[in-house]
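Below, chains carry the letters A, B, ... as their sequence lines are ordered, and counting in each starts from 1.
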There are 2 protein chains.
Amino acid sequence: MLQKKWRMTNQRRVILEELRNSKEHLSADELYMRVKKKLPNVSISTIYRNLEELAEQGLIRKLGPQSIQKRFDANIQPHFHIRCVKCGRIDDVPFSMVSEVSQAIRKTTAMVEKITGYDVLGYHLEFLGICPECRKKEEKKERERNGR
Amino acid sequence: MLQKKWRMTNQRRVILEELRNSKEHLSADELYMRVKKKLPNVSISTIYRNLEELAEQGLIRKLGPQSIQKRFDANIQPHFHIRCVKCGRIDDVPFSMVSEVSQAIRKTTAMVEKITGYDVLGYHLEFLGICPECRKKEEKKERERNGR
DNA sequence: TTATTAATGATAACTATTTGCATTATAGTA
DNA sequence: TACTATAATGCAAATAGTTATCATTAATAA
């Protein structure tokens, strides 16, 4: 398991600094604007590369969905979802499963409004995991690696 | 408040049918493939337009984030987020606010694994709402509309 | 100080989605 | 039933956000 050497470049340092100094959660292009003020020659691809790299190292968190594709659901009854982090597949988590959770969330809403100043319209709860198919694939790969 | 007339076209009907017949949550291009089998001349832009339209009418649900841009967070402590549906801005909901919720979620995890067959790795809870700035803008627009 | 190679900047490519526009088809009316 | 207004379509081009390529630069270990 040899590990890639890690270099703390000027760009990387400034990117991390700017992200840490900001109260908001910046998008790649917002961050690009800020870093540019310190390092006018920085490239947008350096921003993207470093965000990936820093997230992989656990120094920052990537928010939102891993897959950019939107998905659509004809079931408009309240229910939650579970998404496979490997393949992007989304399945249902029946509402009965999570009625306790949704009750807890509802109880918290007023407090969230007071603290954040937002009008809360709803929420989005999604479990993340590895779907049965992808787990099988993983296990197969594992066996092949060990087999020879 | 005059309302746009709504026409049930062949394409629209098949799109809705295919979405309702599928157990999974389809992405636009997956749906495109299926609709194409019934209507070979259908265009991908018809799929997109109808998904938007049907979601607006409340006949289907759009899953995942409204904005496709990823955002990044240098705070790697556990906490939840609240996102503005108008402008895409993301703020923190402090962990203390939602410790009750996260406890309820943790208690449910084992059950979710059993039902869905997934290995659950984590979850993502995001409140949706309108941020103070956007609310102010909305109110201003409202006043202007009524004012004259 | 030098050698290795990780990281960079510039640019092209790519993916998912949206838009413009001329044409077609639906629903309401004569 | 035919006519009309306009919603919706198909196609192509445009766009947004992100990723890949590649020659060049610079950080680290010897």
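Residue contacts for A/S45: at a heavy-atom cut-off of 4.0 Å it reaches a base atom on one of the strands shown.
Residue side chain A/R49 does not reach the base of D/dT19 through any donor-acceptor N/O pair under 3.5 Å, judged by distance alone.
When the P atom of D/dG10 is taken as reference, atom CZ of B/R12 falls 12 Å away, rounded to whole Å. The distance between atom CG of B/L39 and atom C1' of C/dT24, rounded to the nearest whole Å, is 15 Å. Between B/D29 atom CG and C/dT15 atom C1' there is a gap of 10 Å when expressed in whole angstrom units. Atom CD1 in A/I44 sits roughly 19 Å away from atom P in C/dA7 (whole-Å rounding). Per the geometry, OH belonging to B/Y32 stands 14 Å off C1' belonging to C/dT17, to the nearest Å. Atom CD of A/E52 and atom P of C/dA6 are 18 Å apart (whole Å). Taking atom CG of A/L31 as the reference point, atom C1' of D/dT18 lies 15 Å away to the nearest angstrom. Atom CZ in B/R13 sits about 15 Å away from atom C1' in D/dA8, given to the nearest Å.
You'll find that the side chain of B/A28 is closest to C/dT17, out of C/dT17, C/dT8, C/dA27. For B/R7, whose side chain is taken as the heavy atoms from C-beta onward, the closest listed nucleotide among C/dG9, C/dA25, C/dT5 is C/dA25. The side chain of B/M8 has C/dA27 as its nearest neighbour among C/dT18, C/dT8, C/dA27.
Here A/Q11 reaches the OP1 or OP2 of C/dG9: one of its side-chain N or O atoms lies under 4.0 Å away. Close to C/dG9, at under 4.0 Å from its OP1 or OP2, lies a side-chain N or O of A/T46. OP1 or OP2 of C/dT17 has at least one side-chain nitrogen or oxygen of B/Y48 nearer than 4.0 Å. Taking side-chain N and O atoms only, B/N50 has a distance below 4.0 Å to OP1 or OP2 of D/dT9. The phosphate of D/dG17 has neither OP1 nor OP2 within less than 4.0 Å of any side-chain N or O from A/S27.
Interatomic distance, B/E100 CD to A/Q103 CD, rounded to the nearest 0.5 Å: 10.5 Å. Distance NZ/A/K36 to CD1/A/I44: 8.5 Å, rounded to 0.5 Å.
A/D92 and B/H25 share a donor-acceptor pair across their side chains, judged by distance under 3.5 Å alone.
Minimum heavy-atom separation, B/S43 to B/Y32: C-CE1, 3.9 Å.
A salt bridge (charged side-chain N to carboxylate O under 4.0 Å, His left out) with A/E18 holds for exactly one of A/R12, A/R34, A/R13, A/K38; it is A/K38.
A residue-by-residue look at A/N10 and B/N10 shows that A/N10 has its nearest nucleotide of DNA chain C further toward the 5' end.
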